[in-house]
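Only one structure is covered here, and it is reproduced in the block below.
Residue indices begin at 1 and follow the sequence shown.
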Amino acid sequence: MKKESEERGIQRERMDLALRRLDEIPRERLVRAPFRVYFEKTAEFLQAVHGAAMAKSSGMLRRMTAEALRGVQRQLYNDILPEWYEESYLNPDYAVTVLGAQHGPLLCFLAAQLRGAISAAYRGYEEELLIYTELFLQVYHCYVTEDGSLPSTEEIRDILYWFISDYSDDFAARRTMEQLDPEQTYFQDIISGWDLSDTRYLYQYGLYVSSGDVELAEYMASLPEELIRKMARTFTEGYRTGFQVTGKDISIKKTVNIRYPLGFERVIKEAVKLFADMGLKAVIYGQSEGVMGNSLGVGGSRPNPQYTYDHKDDMALYLDKRYVERRLGAQKAAYEAYKEQAAVHGGPAVMETFGETPFHPQVKDTAWKLSKKQQKLSVELQARLSDMTNEYIPGEERSFTIIAFPVPDIGERFPEIFQETVRINTLDYMLYRNIQQTIIDTLDKGVAVHIEGAGNNRTDLTVMLRPLEHPDKETIFENCVADVNIPVGEVFTSPVLEGTNGVLHVSRVYLNELLYEDLEITFQNGMTTAYTCSNFPDAKTGADYIRENVLRYHEQLPMGEFAIGTNTAAYVMARKFHIEDKLPILIAEKMGPHFAVGDTCYSWSEDNAVFNPDGREIIARDNEVSILRKEDPSKAYFGCHTDITIPYEEIGHIEVVCADGRRITLLKDGRFVLPGTEKLNEPFEEAGLCQ
C-alpha cells in the first residue's frame, strides 16, 4: 500500500511538472519560427485535453450545458475538421509545406499520436495521459537550442520509435482489458446513468459528436418502446442464432462485446438486458486514436475521413522486425494476463450505420507510406496477431452478429429510410429460407457457376464448386437467414479455387467506405492476378489504391466466398430512396451476386460442422488455401474478407453448369427465373422496376 501511495505521489509530481511546462511554452519563445507556432498550438491542444480530464474527474463535465460541452469538443477536434484541416499540422501537406520535408512528417506524426490523449483523459487513464504529455515535452526540448539550430531527424525519429516500442506492453494490456473485462463499465455507466432523452450524455464518451449524432439520439428518443425492444431483440437473437446454426455452445460463454454508434443507446440498453438473460455480460469499449489505437468499439461520426486516410500508414515510421517481435510479445503478455476472460468471451455483436456522405480520398505524397518490406511485415504482424487471438479466443467456439441502420446524414427522408430499414432487417425468415433452399438444391447439381455481366459490365467469371459425394446428407451452399449477418437474403459457399477463372467487374462500388470506379479484378485458379480501377488518371495509382485497401498489402488473395444475394426488397429500397451508394456492404451484399477476396466465411472454424435448416451439412467450408492451416496458419489466413457485389441491373445471367453440360439459369437480365423463386421479383414489380 505504501509503495502504491509513493508511486501515485511521484506520478502526481510528474503531472504537475508537465502541466507547468505546457503553460510556459507560449511565453518562452525559445524555439525558432516556424516550429514555435507548431509547439504552441500543440501545447494548447494538450492543455485542452487536461482541462477536459479535470472537468470529467470533478463531475463538472456532467453539469455543463450542451453549448459548453460543444465548446470543449471544439477545442479537441477543430484541428482535424474539414474547415480547418487545410492549415492544420495534422495535415501532412501543410506540415511539410510549413515545417519542411524532413521535420514536417515527424511532427505531423507526433500530433496524430497525441490525439490518443483524448480517450485517456475521459476514461481516467491518468498515466496514459501523462506519458503522451511527456512525449510532447521531450520532443519540444529537442528544438530548444541556444543558436536556433534544429535537432537531427534521426534524434526525433528515435524518440518516437522508442516511445511506441517501450510502451507496447502498457498499451496492449489496456486495449486487451477494455475488450475482455466486463468489470470495465465506463461506457455502460453512461448508458445506465443518464436520461437518454438528454443528449448531453453523448459528450461524456470522449468521442467526436457531430450534429448528426445528436439528431440521431433525439430521433431514437422519440421512438416507441415497443420498436426499441423489437430492434434489440432482432440484434440479440441474431447473435444467439449464430451459435446455434454453427453448432457452437453458447452456454460456455460468459461475455459478449457490443459495438455500436453514438445515438443508439436506447437499443443497446435493452440489448444488454437481453444478453444478460442469455447468461452473457456485456463488454463495451470505445474507439481511440494514438499508439495502438482502436478503430473498433463505440464510435461517433468521423470528424474528417481525409485525416483518417492520411494517417492510415503512420506505422511506416516505426514498423520493423524488432517492433513486430516487441508488439507480439506485448500482446502475448496481455492475453496471458486476461486468459480467463478470453476463454469465456463469445465474440462481437456489432451495430453499424450507413448514410454518411461518400468519401473519395485524396492520395498525398506527403503522407507516410509503407515500404515493400514494411508491407510484408504488416501482413506478417496481422497474421500472427490473428493466430494469437484464435489461440486465446478459439474461432471454433466464438461467433458474432452484425446489423446496420441509417443516420440522418442520409437525407431529408431519414425517418422513412429508417423505418424501411427496420422492416428489411425483420423480413420473413421462413419465406426466404424456403426460397433460398430451392436455389441451393439447384446449385448442388452443378460443378460450376457462370456469371456474366449485362450492358457495360464486363464480368465473365466461372466459379468452381465443391463436388458432392452424399447429396442426401451434404450441401455446398449455406442458407443464410437473419443470424450473424442481418438482414436475411443470401446463399454462399467457399469456391474451389482450381478452375475459378475470369473477370469480375463493377461499374461503381463502395468498399470499406472508399469509392471504386470501374473496379476490375482478374482471377486465375481462384487467385487475384490483376486489378484496376478508373479513380485516378494513371493506372498505377489505381492499382496501388486497390492493393492497399482491398488486398491489404497482400501480393495475391484467394476468392474466399461466392454468394447470391436474394434480398430484392433491400435493392428496391435503395433504388426508391436513391441511396445505392450509401448502403453498407452488409446490406449491399444481399442485392446481387457477390465475391469476397481474402479469408473464407468459415475462417478459424472450418472444422466445426455446420448444417442448413434442412439438416444437410455444409461441406464447402475450406478451399485450397485455407486448408493450409493444418501445416502453417500464416499461409491460410489473411485477416481480411472484402465482399464485392454486382447489382442486379448489371447481371446478364447466372447459370449453374452441370457435369453433363446442361446449364440451369438462376438469374437472367437481373431477375430470378428459376421456378420457385418468382416471389423474389415481386418487390421489383411493386416498385414498377421493369426489366
Side-chain angles (χ1 to χ4, degrees), residues 238 242 348 350 352-354 358 400-404 424-425 436 449 451 453 457 459 461 463 477-495 497 500 502-517 519-523 526-528 531 533 545-552 554 556-568 570-571 574 580-603 620-621 623 625-626 637-648 650-651 654 667:
V350 182
E352 290 186 340
T353 58
F354 63 92
F400 70 95
T401 196
I402 184 168
I403 194 170
I424 293 297
N425 284 337
Q436 289 174 180
V449 177
I451 305 96
N457 187 290
T459 298
L461 188 58
V463 177
F477 282 75
E478 179 164 333
N479 192 338
C480 184
V481 285
D483 44 71
V484 297
N485 280 323
I486 302 168
V488 301
E490 68 171 311
V491 299
F492 68 85
T493 190
S494 300
L497 301 181
T500 293
V503 172
L504 166 63
H505 172 246
V506 188
S507 60
R508 182 182 174 90
V509 65
Y510 282 86
L511 305 174
N512 300 318
E513 301 180 340
L514 298 178
L515 170 66
Y516 297 82
E517 301 270 11
L519 176 65
E520 184 172 299
I521 300 177
T522 301
F523 291 90
M527 303 297 294
T528 58
Y531 34 85
C533 66
Y545 180 60
I546 296 168
R547 186 170 180 273
E548 291 175 16
N549 300 296
V550 178
L551 271 66
R552 306 292 179 87
H554 294 90
Q556 288 185 309
L557 285 178
M559 183 186 291
E561 175 191 3
F562 164 60
I564 299 174
T566 63
N567 199 325
T568 50
Y571 175 84
E580 297 96 322
D581 63 339
K582 294 185 177 181
L583 289 179
I585 192 61
L586 180 67
I587 297 177
E589 69 178 2
K590 313 296 172 56
M591 294 163 34
H594 66 265
F595 311 80
V597 292
D599 296 334
T600 74
C601 293
Y602 301 97
S603 60
R621 303 192 297 268
N623 59 34
V625 172
S626 66
Y637 301 118
F638 303 92
C640 60
H641 177 98
T642 303
D643 293 305
I644 303 168
T645 303
I646 306 176
Y648 292 121
E650 295 187 25
I651 293 297
I654 301 178
L667 282 91

Working to the nearest 0.5 angstrom, can you tell me the gap between Leu586 CG and Ile403 CD1? 8.0 Å
Suppose we screen for side chain to side chain contact (heavy atoms under 4.5 Å, CB included). Which residues come up paired with Ala570, at least two apart in sequence or across chains? Ile424, Asn567, Ile587, Met591
How many angstroms lie between NZ in Lys590 and OG1 in Thr568, if you round to the nearest 0.5 Å? 13.0 Å
Are the side chains of Leu511 and Asn549 in touch, meaning some heavy atoms are under 4.5 Å apart? no
For Thr353, check side chain to side chain donor-acceptor pair (under 3.5 Å) against everything at least two apart and list the hits. Glu356
Looking only at heavy atoms, the pair that brings Ile651 and Pro593 closest together is CD1-CG, 3.4 Å
Side chain to side chain contact (heavy atoms under 4.5 Å, CB included) with Glu513: which residues, sequence neighbours excluded? Arg302
To the nearest 0.5 Å, how far apart are CD1 in Ile654 and CD1 in Ile646? 7.5 Å
Can you name the residues that form a ring-ring contact (aromatic ring centres under 6.0 Å, His included) with Phe562, not counting sequence neighbours? Phe595
Look up atom OH in Tyr531 and atom CG in Leu504, then write down how far apart they are to the nearest 0.5 Å. 14.5 Å
Validation row: Asn485, Phe400 side chains within 4.5 angstrom (heavy atoms): yes
On a heavy-atom basis, which atom in Pro495 and which in Asn623 lie closest, and how many Å separate them? O-CB, 3.5 Å
Which residues satisfy the salt bridge (charged side-chain N to carboxylate O under 4.0 Å, His left out) test with Glu650, sequence neighbours excluded? none
Is a donor on one side and an acceptor on the other found under 3.5 Å between the side chain of Glu589 and the backbone of Gly565? no
Can you find a heavy atom in the side chain of Ile585 that is under 4.5 Å from one in the side chain of Thr645? yes
Go through the structure and list residues passing side chain to side chain contact (heavy atoms under 4.5 Å, CB included) with Cys640, not counting sequence neighbours. Arg552, His554, Leu557, Phe638
Mind checking side chain to side chain donor-acceptor pair (under 3.5 Å) for Glu478 and listing every partner two or more places apart, or none if nothing turns up? Tyr602
With sequence neighbours excluded, tell me which residues meet side chain to side chain contact (heavy atoms under 4.5 Å, CB included) with Gln556. Met527, Thr528, Thr529
Separation of Ile546 CD1 from Thr642 OG1 (nearest 0.5 Å): 11.5 Å
Are Val597 and Phe523 side-chain neighbours, meaning at least one heavy-atom pair lies under 4.5 Å? yes
Where is the tightest heavy-atom contact between Gly639 and Asp599, given as atom of each residue plus distance? N-OD2, 3.1 Å
I want to check something: taking the side chain as every heavy atom from C-beta on, are His641 and Ser603 in contact at a cut-off of under 4.5 Å? no
In Å and rounded to the nearest 0.5 Å, what is the CD to OG distance from Glu517 to Ser507? 8.0 Å
Min side-chain heavy-atom separation Val506-Tyr516 under 4.5 Å: no
Among all residues two or more places apart in sequence or in another chain, which pass the salt bridge (charged side-chain N to carboxylate O under 4.0 Å, His left out) test with Arg621? Glu617
Sorted by chain and residue number, the salt bridge (charged side-chain N to carboxylate O under 4.0 Å, His left out) partners of Glu352 (sequence neighbours excluded) come out as none
Can you name the residues that form a side chain to side chain donor-acceptor pair (under 3.5 Å) with Glu490, not counting sequence neighbours? His594
Examine distances only and state if a side-chain atom of His505 and a backbone atom of Asn457 form a donor-acceptor pair shorter than 3.5 Å. no
List the residues meeting ring-ring contact (aromatic ring centres under 6.0 Å, His included) with Phe477, not counting sequence neighbours, and say none if there are none. none
Which atom of Val625 lies closest to which atom of Pro558, heavy atoms considered: CG2-CB, 4.2 Å
Do Thr493 and Val463 have side chains that approach each other closer than 4.5 Å (heavy atoms only, starting at C-beta)? no
Would you say the side-chain atoms of Asn425 pair up with the backbone N or O of Ala404, donor to acceptor, closer than 3.5 Å? yes
